[in-house]
S.K.: 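Below are the C-alpha cells for one structure; questions will follow.
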Amino acid sequence: MVQIVEKEEKSPILTFKLKFVYSVILLTAIVVIYMLTFGEDGTSYQNELIYTDVNVPKSKSKEDIVPVIQTDKSDSLVPELEGGTNPPTTKISSSSSEFVIDNNDNFVSEQQQQQQQQQQQLVNEQTQQNFVQQPQPQQPPAEQPAEQPALQPAVQPAVQPAVQPAVQPVMDTSQCPKLDMGSIHDRITESCEIDRFKNNWIELVSMYDIPPRHLLYDVDRNYVWVTVPKIASSNIKRVIIKEKLGYSEDSEQMKQAMKQPHVYLSKCCLLTVEVARKFYSLQRAFTFTFIRNPWTRLYSAYRDKIVMFKAFDDYYYIRKILFTVREWSWDQVKVDEDVIEAAGTITFTDFLTMLSKTDAENYNDHWKPWFLLTQPCMIKYDYIGYLEDISSAYQVVKDKVFSDLDMDLGSRYKTSSNSAAVIQAYTVVPKDVLDIVYNKFEDDFKIGGYSRDINCISNE
C-alpha cells in the first residue's frame, strides 16, 4: 500500500526574508573582497606590499594575505645592559593608514605607537643617564714604557775571571793551628797502625813502589836518605856530589851535575836490591827525609817545571795540559811550534786542573804526593825534618851524618816562593779543583799536621 505524504509549503514571507539575508551577505562579501583587493581609491596593494612569513593576530585566518612587514631596530637607544635588547616592532603599511603589531601581536594605531615611543624614549634617556652616572671602576694608568737610553757605541766588556776566588788572603791568622812538628811520628803510627823496629830494604825495594832513584845511601856514614823533589834536596845532593865525585863547588862539572843530580848520584849512591843484599847493616842505618806543606810544594813545582823550565821532559807536561785541560786535539799537541808558543800561557789553575784529572800514582815525582814517595807506613824513619824549619832540620842531619864536614847547609837554601805569593796564586783556583787536589794529598796534610786553609801557610 502506497502512502502519500504531502509536502509542507513554506510561507512566502519567510522565503523573502531568507533571500534578503542571502543577498546582504553576498553583497557584503563582494564589498570586503573589493576593499581588500583595491582599497578605497581602487589602487592595488600588489606594488607596495611585502609578503613575509610573520605571525598574524589570532583573529585573522592564516590564509589571509597579511601586508607588511618592516622591522625597525633603529629606535634602540639604551645600551645592551646585562645582555638585554629592545624588542623590535613590526609595521604594517598601507596607502591610507599605518598600523603596527607590537610585541604581543596586538594592533595599535600610529598615534598610540608614537605616544608609546615618546614614553619609551624618555625611559631610555633616563636609563642612559643613570648608566653614565654610575661610578666606573678606575683602571690603573697605563704603565709608561721605561725611557730607553740613547744607543751608545758597543764597548767590549773587560774580561773577568771565569770563577770566583776560592780563598781570600787574611791578615789575622791567630786562629790557624800551630804546626806541631814534634808529633809527626805519633801521627804516622796512628795513621799506619804499625811500628817498625828496622827496615828490610831488600823487601822494601823489591816489593813496594819506592823509586830507587829516591833512595840514597852511604855505608860509611851509615845513612839512608829518602829524597823528595821540591823539599830541600838540592843542598844535600850538592854536598854528596862534592864528596863522592870530587867536583869543586863552583866548577862547570858541578853546574852540569846539579841539572840532573839523580843521574850523577846513580854512579855511587842509589840503594838497589843488590846493594841491600850486600850491605845488610843498612837495615839499622839512620833513615831520614823531609816534609813540606803540599800547597807550597805544588806552587814551587809549577814555578820550576812549568813556568821557568818549559822544556821539562821535552814539553811533555805542557802538551798534557793543552790536551787534558785546554782540549787540544792529539794532532795539535804534536806541533812543536804551537806547543812552545802556548807554553808561556799555562796558568797555575791549568796546572792544578791537570792534577785533578790525573791519578796521583801517575804524577811526576816533582808533584807526586809525599806519602807515595816516602811510604811512611813501610819505612821506619829516625828523623823527618820540616822545610818550614829548615835550619833546624839541616842542623840535625849535619850532626848525625856530616858532622866532620865544614859546611852550612842552611846558608845556601833559597825558597822559590813566599807565603803571600802562594796565597795569591790560589785565590783564582776554582774550589772544586782545590777539593780534588786536597783529597789526593790528604795523607800529606794529616801526617804533616798541616792545615787545609791556604791562608794558614803564612803562620807556619
S.K.: Quick one: NZ on K244 to CG on L216, what's the gap to the nearest 0.5 Å?
M.R.: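 Going from the NZ atom of K244 to the CG atom of L216 covers 11.0 Å.
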S.K.: Between E274 and K278, does the salt bridge (charged side-chain N to carboxylate O under 4.0 Å, His left out) criterion hold? Intermediate values first, please.
M.R.: CA-CA 6 Å; E274 292 75 14; K278 182 178 180 179; over 6 Å; no
S.K.: Spell out, as yes or no, whether a donor-acceptor pair under 3.5 Å connects the side chain of T358 to the backbone of L355.
M.R.: no
S.K.: Roughly how far, to the nearest 0.5 Å, is CH2 of W201 from CG of L271?
M.R.: 6.5 Å
S.K.: Would you indicate whether the side-chain heavy atoms of D338 and W328 approach each other to under 4.5 Å?
M.R.: yes
S.K.: Look only at the side chain of D382 and the backbone of T287, and say whether a donor-acceptor pair between them is shorter than 3.5 Å.
M.R.: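 At least one qualifying donor-acceptor pair exists.
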S.K.: Judged by atom type as modelled, is there a donor-acceptor pair below 3.5 Å linking the side chain of K368 to the main-chain atoms of E361?
M.R.: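 Yes; judged by distance alone, with no hydrogens or angles, the pair exists.
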S.K.: If every non-hydrogen atom of L298 is compared with every non-hydrogen atom of F441, which pair is closest and at what distance?
M.R.: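 Of all heavy-atom pairs spanning L298 and F441, the closest is CD2-CZ, 3.7 Å.
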S.K.: Is there a donor-acceptor contact under 3.5 Å from the side chain of D444 to the main chain of W370?
M.R.: yes
S.K.: Could you walk me through whether T189 and D186 pass the side chain to side chain donor-acceptor pair (under 3.5 Å) test, one step at a time?
M.R.: CA-CA 5 Å; T189 303; D186 296 334; 5.4 Å; no
S.K.: Counting only N and O atoms by type, is there a donor-acceptor contact under 3.5 Å from the side chain of Y383 to the main-chain atoms of K400?
M.R.: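 No; judged by distance alone, with no hydrogens or angles, the pair does not exist.
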S.K.: Can you confirm if the aromatic rings of F348 and Y426 lie within a centre distance of less than 6.0 Å?
M.R.: yes
S.K.: For V401, is there any backbone N or O sitting under 3.5 Å from a side-chain donor or acceptor partner on R221?
M.R.: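 The answer is yes, because a donor-acceptor pair under 3.5 Å joins these two groups.
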S.K.: For the rings on W295 and F445, is their centre-to-centre separation under 6.0 Å?
M.R.: yes
S.K.: Would you find a donor on one side and an acceptor on the other, under 3.5 Å apart, between the side chain of T353 and the backbone of T349?
M.R.: yes
S.K.: Closer than 3.5 angstrom, by distance alone: can the side chain of Q375 be matched with the main-chain N or O of L372 as a donor-acceptor pair?
M.R.: yes
S.K.: To the nearest 0.5 Å, what is the distance between CG on N293 and SG on C456?
M.R.: 9.5 Å
S.K.: Atom CD1 in I291, atom CD1 in I184: separation rounded to 0.5 Å?
M.R.: 4.0 Å
S.K.: Can you list the steps and then say if S233 with W225 is a side-chain contact (heavy atoms from CB on, under 4.5 Å)?
M.R.: CA-CA 10 Å; S233 59; W225 174 30; 3.9 Å; yes
S.K.: Assess whether atom CZ of R452 is packed by more than 12 heavy atoms of other residues, nucleotides or ligands within 6.0 Å.
M.R.: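 Yes, CZ of R452 has more than 12 neighbouring heavy atoms, counting only those of other groups under 6.0 Å.
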S.K.: With a 3.5 Å distance limit and no angle check, can you tell me whether Y394 reaches the backbone of A232 through a side-chain donor-acceptor pair?
M.R.: yes
S.K.: Do you know which two heavy atoms are closest between P229 and R297, and how far apart they sit?
M.R.: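 Looking at all heavy atoms of both residues, the closest pair is O-NE, 3.2 Å.
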S.K.: Quick check on side chain to side chain contact (heavy atoms under 4.5 Å, CB included): which of D365, V226, T289 does L373 satisfy it with?
M.R.: D365
S.K.: Rounded to the nearest 0.5 Å, what separates atom CD1 in I379 from atom SG in C192?
M.R.: 11.0 Å
S.K.: Would R319 and D336 count as a salt bridge (charged side-chain N to carboxylate O under 4.0 Å, His left out) if you check the C-alpha gap in whole Å, the side-chain angles of each, and the deciding distance to 0.1 Å?
M.R.: CA-CA 9 Å; R319 299 176 196 272; D336 293 341; 2.7 Å; yes
S.K.: Report yes if the side chains of R326 and I346 come closer than 4.5 Å at any heavy-atom pair, otherwise no.
M.R.: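 Yes, their side chains come closer than 4.5 Å.
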S.K.: Closest heavy-atom contact between A285 and V224?
M.R.: CB-CG2, 4.1 Å
S.K.: Examine F351 together with W367 and report whether their ring centres are nearer than 6.0 Å.
M.R.: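 Yes: the rings meet the under 6.0 Å criterion.
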S.K.: Would you please classify the geometry between the Y217 ring and the F279 ring as parallel, tilted or perpendicular, with 30° and 60° separating the classes?
M.R.: tilted
S.K.: Near K320 NZ, under 6.0 Å, is it more than 12 heavy atoms from other residues, nucleotides or ligands?
M.R.: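 For K320, atom NZ is crowded (more than 12 foreign heavy atoms under 6.0 Å).
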S.K.: Grab the two heavy atoms, one from T324 and one from K357, that are nearest each other, plus how far apart they are.
M.R.: O-NZ, 3.2 Å
S.K.: Could you please spell out the steps behind the side-chain contact (heavy atoms from CB on, under 4.5 Å) verdict for Y264 and Q256?
M.R.: CA-CA 9 Å; Y264 287 81; Q256 294 299 321; 3.9 Å; yes
S.K.: Closest heavy-atom contact between N199 and K380?
M.R.: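 Here N199 and K380 meet closest at OD1-N, 2.7 Å.
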S.K.: Rounded at 0.5 Å granularity, tell me how far CD in E243 sits from CG in D218.
M.R.: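 E243 CD to D218 CG: 6.5 Å, rounded to 0.5 Å.
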S.K.: Yes or no on side-chain contact (heavy atoms from CB on, under 4.5 Å) for H366 and Y317, after CA distance, side-chain angles and deciding distance?
M.R.: CA-CA 12 Å; H366 287 81; Y317 292 100; over 6 Å; no
S.K.: How far apart are the closest heavy atoms of P376 and I188, and which atoms are they?
M.R.: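 Shortest heavy-atom contact: O-CG2, 3.6 Å.
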S.K.: In sequence, state the C-alpha distance, the side-chain angles, and the governing distance for K230 and T296, and then conclude on side-chain contact (heavy atoms from CB on, under 4.5 Å).
M.R.: CA-CA 10 Å; K230 308 310 301 175; T296 59; over 6 Å; no
